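What follows is a structure written as structure tokens; I'll ask about it next.
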Amino acid sequence: MKISKQTKFRFEAIEYLVLWEGGVNASRLSRLFGVKPHVIVKAIADYRALHSDNLIYDAQDPEKIFIATDVFRPMYISNSWNAYINFVISIGNEHIKQLYGDGTITELLTPLIGPTPSIVSTLLKAIRQNKSVRILYRSRSNPKGMERVIVPTALGNDGIRWHIRAYCFYRNRFSDFNLNRISESVIGNKVTLADEDHEWTTFVDIVVNAHPTLNADEKSLVLNDFGYDDKFTLRVRGALADYTIQYYRLGRDPDLCSPQKHPLIVENIDELSPYLFKSEVL
């Protein structure tokens, strides 16, 4: 059965509320979407008609809600926490405020100020048209700015800042440029790159484990902070490996880092060495 985008969106909401909030009813959905309960109640009926094994009505619950059955299986969403948080924060502020109280579920970190639209639009145009861009780029080695000619290829995020991935004619290699450090951007000529950005196109595995000096209970604790019972793997682009290690504050050498500052370490740091930053500063 083909369903509309609106219906699919409402089905997603049903599954998010059932999975993460313990149940759903018409009043919750109406608050979420800003419509009358009698309008949204059809979405629940339609969902149950299509997926009869997923929901059951709990008349004993004082909230009178539909809850997940023992065989509940999400059909429209992933079961990740981040997916739920992104969903409920993006459209559910009134839902959170009325059901739980203002500020009960909120993003704690204030994002940094983003890059300038005129800079980004020039870079994206250059990507679309395979053109070079002349930029004025500030760095630790050139805080006043240095002119560079680059060929941008992709946008990436290090967890905090946004970067443009580009071929740099000054370095004669692919590099990352912090978007907030670009103060000028002028589009140039069409360029065909002879080299491939292998660090960007290659995916690598970062094997994360507890610091070996921790005892069994401590290891279990710090691994569980990330939702794991044993060592785990983060699969990332090679170009983003070092950013990922920094973002999660992972230790690189257990002999040189303390378990207090770096309770989690990278087990395969030697394998990742081709993708880690050199001492050279952009």
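Bear in mind the structure is a predicted one, so any value in this text is a computation, not a measurement.
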**Report entry** Pair Thr116-Ser118, side-chain donor/acceptor within less than 3.5 Å
**Finding:** no
Requested in this report: With sequence neighbours excluded, tell me which residues meet side-chain contact (heavy atoms from CB on, under 4.5 Å) with Ser52.
Outcome: none
Requested in this report: For Ile40 and Ser30, work out which heavy atoms get closest and say how close.
Outcome: CG2-N, 3.8 Å
Query raised in the report: So do the side chains of Leu193 and Val191 get within less than 4.5 Å of each other, counting heavy atoms only?
Result: yes
Query raised in the report: Does His211 use its side chain to pair, donor to acceptor, with the backbone of Cys257 at less than 3.5 Å?
Result: yes
Going by atom type alone, with no hydrogens or angles, which donor-acceptor pairs under 3.5 Å involve a side-chain atom of residues 216-226 and a protein atom two or more places apart or on another chain?
| residue | atom | partner | partner atom | Å |
| --- | --- | --- | --- | --- |
| Glu218 | OE1 | Asn215 | N | 2.9 |
| Glu218 | OE1 | Asn215 | ND2 | 3.4 |

Determine all donor-acceptor pairs shorter than 3.5 Å in which one atom belongs to a side chain in residues 62-74; sequence neighbours excluded.
| residue | atom | partner | partner atom | Å |
| --- | --- | --- | --- | --- |
| Glu63 | OE1 | Arg28 | NH2 | 2.8 |
| Glu63 | OE2 | Arg28 | NH2 | 3.0 |
| Lys64 | NZ | Ala59 | O | 2.7 |
| Thr69 | OG1 | Asp53 | O | 2.4 |
| Thr69 | OG1 | Val71 | N | 3.3 |
| Thr69 | OG1 | Phe72 | N | 3.3 |

Query raised in the report: Which atom pair, heavy atoms only, marks the closest approach of Gly156 to Trp162?
Result: O-CE3, 3.3 Å
**Report entry** Which residues share a side chain to side chain donor-acceptor pair (under 3.5 Å) with Asp158, sequence neighbours left out
**Finding:** Arg161, His163
Query raised in the report: Rounded to the nearest 0.5 Å, how far apart are CD1 of Ile77 and CZ of Phe87?
Result: 8.5 Å
Query raised in the report: Where do Arg252 and Asp242 land on the side chain to side chain contact (heavy atoms under 4.5 Å, CB included) test, with the steps shown first?
Result: CA-CA 10 Å; Arg252 299 169 189 252; Asp242 211 317; 2.5 Å; yes
Report summary line: Of all heavy-atom pairs linking Ile265 and Ala210, the shortest is CG1-O, 3.9 Å
Query raised in the report: With a 4.5 Å heavy-atom cut-off, do Tyr47 and Tyr76 have their side chains touching?
Result: yes
Query raised in the report: Is it true that a side-chain atom of Arg138 and a backbone atom of Lys144 form a donor plus acceptor pair closer than 3.5 Å?
Result: no
Requested in this report: Output yes when a side-chain donor or acceptor of Thr122 lies under 3.5 Å from a complementary backbone atom of Ile187, and no otherwise.
Outcome: no
Requested in this report: Is it possible for you to say whether Phe232 and Phe203 belong to one hydrophobic cluster, with membership spreading through side-chain heavy-atom contacts below 4.5 Å?
Outcome: no
Report task. Using a 4.5 Å cut-off on heavy atoms from C-beta on, say whether the side chain of Phe11 contacts that of Leu50. Result -> yes
Report task. Work out which heavy atom in Ser175 is nearest to a heavy atom in Arg173; give both atom names and the distance. Result -> OG-NH1, 2.7 Å
Report task. Go through the side-chain N and O atoms of Ser80 and Asn82 and say whether any donor and acceptor fall under 3.5 Å apart. Result -> no
Query raised in the report: Can you list the steps and then say if Glu199 with Phe174 is a side chain to side chain contact (heavy atoms under 4.5 Å, CB included)?
Result: CA-CA 9 Å; Glu199 292 182 2; Phe174 287 95; over 6 Å; no
Query raised in the report: Is there a path from Val151 to Met146 through hydrophobic residues (I, L, V, M, F, W, Y) whose side chains come within less than 4.5 Å of each other?
Result: no
Report task. For residues Ile164 and Ile119, determine if any side-chain heavy atom of one lies less than 4.5 Å from a side-chain heavy atom of the other. Result -> no
Query - ILVMFWY cluster, Val186 and Tyr167 together (side-chain gap under 4.5 Å) - result: no
Query raised in the report: Mind checking whether Tyr247 and Ile160 have side chains closer than 4.5 Å, heavy atoms only?
Result: yes
Report summary line: Those residues at least two apart in sequence (or on a different chain) that pass salt bridge (charged side-chain N to carboxylate O under 4.0 Å, His left out) with Arg134 are Glu147
Query raised in the report: Within a reach of under 6.0 Å around OH of Tyr170, are more than 12 heavy atoms found that belong to other residues, nucleotides or ligands?
Result: no
Report task. Flag yes if more than 12 heavy atoms outside Leu136 fall under 6.0 Å of its CG atom; otherwise flag no. Result -> yes
Query raised in the report: Distance-only, no hydrogens or angles: does the Tyr137 side chain make a donor-acceptor pair with backbone N or O of Asn178 under 3.5 Å?
Result: yes
Query raised in the report: Taking atom CG of Leu123 and atom CZ of Arg165, what is their separation to the nearest 0.5 Å?
Result: 14.5 Å
**Report entry** Point-to-point distance, once rounded to the nearest 0.5 Å, from CZ of Arg237 to OH of Tyr243
**Finding:** 14.0 Å
Query raised in the report: Between Pro259 and Thr213, which heavy-atom pair has the shortest distance, and what is it?
Result: CG-OG1, 3.4 Å
Requested in this report: Please tell me if the side chains of Cys168 and Phe177 come closer than 4.5 Å, counting only heavy atoms from C-beta onward.
Outcome: yes
Query raised in the report: Under 4.5 Å between side-chain heavy atoms, hopping through other hydrophobics if needed: is there a path connecting Tyr57 to Leu19?
Result: yes
Query raised in the report: Which atom pair, heavy atoms only, marks the closest approach of Thr153 to Ile127?
Result: C-CD1, 3.8 Å
Query - In one Ile/Leu/Val/Met/Phe/Trp/Tyr side-chain cluster, 4.5 Å: Phe33, Ile44 - result: yes
Report task. Evaluate the side chain to side chain contact (heavy atoms under 4.5 Å, CB included) criterion for residues Tyr228 and Val208: first the C-alpha distance (whole Å), next the side-chain angles of each, then the deciding distance (0.1 Å), finally the verdict. Result -> CA-CA 10 Å; Tyr228 293 91; Val208 183; over 6 Å; no
Query raised in the report: Going by heavy atoms in the side chains, are Leu55 and Ile14 under 4.5 Å from each other?
Result: yes
Report summary line: Distance col, row Leu250:CG vs Asn209:CG, nearest 0.5 angstrom, shows 11.0 Å
Query raised in the report: Stepwise, does the side chain to side chain contact (heavy atoms under 4.5 Å, CB included) test hold for Ile245 with Ile206?
Result: CA-CA 8 Å; Ile245 292 171; Ile206 301 173; 4.1 Å; yes
Report task. Flag the pair Glu271 / Val207 as yes when at least one side-chain heavy-atom distance between them is below 4.5 Å, and no otherwise. Result -> no
Query raised in the report: What distance separates Leu32 CG from Leu17 CG, expressed to the nearest 0.5 Å?
Result: 6.0 Å
Requested in this report: Just say parallel, tilted or perpendicular for the rings of Tyr84 and Tyr16, cut-offs at 30° and 60°.
Outcome: tilted
Report task. Output the distance between atom CD (Glu12) and atom OG (Ser78), rounded to the nearest 0.5 Å. Result -> 10.0 Å
Report summary line: Sequence neighbours excluded, the answer for side-chain contact (heavy atoms from CB on, under 4.5 Å) partners of Val120 is Pro115, Leu124, Leu179
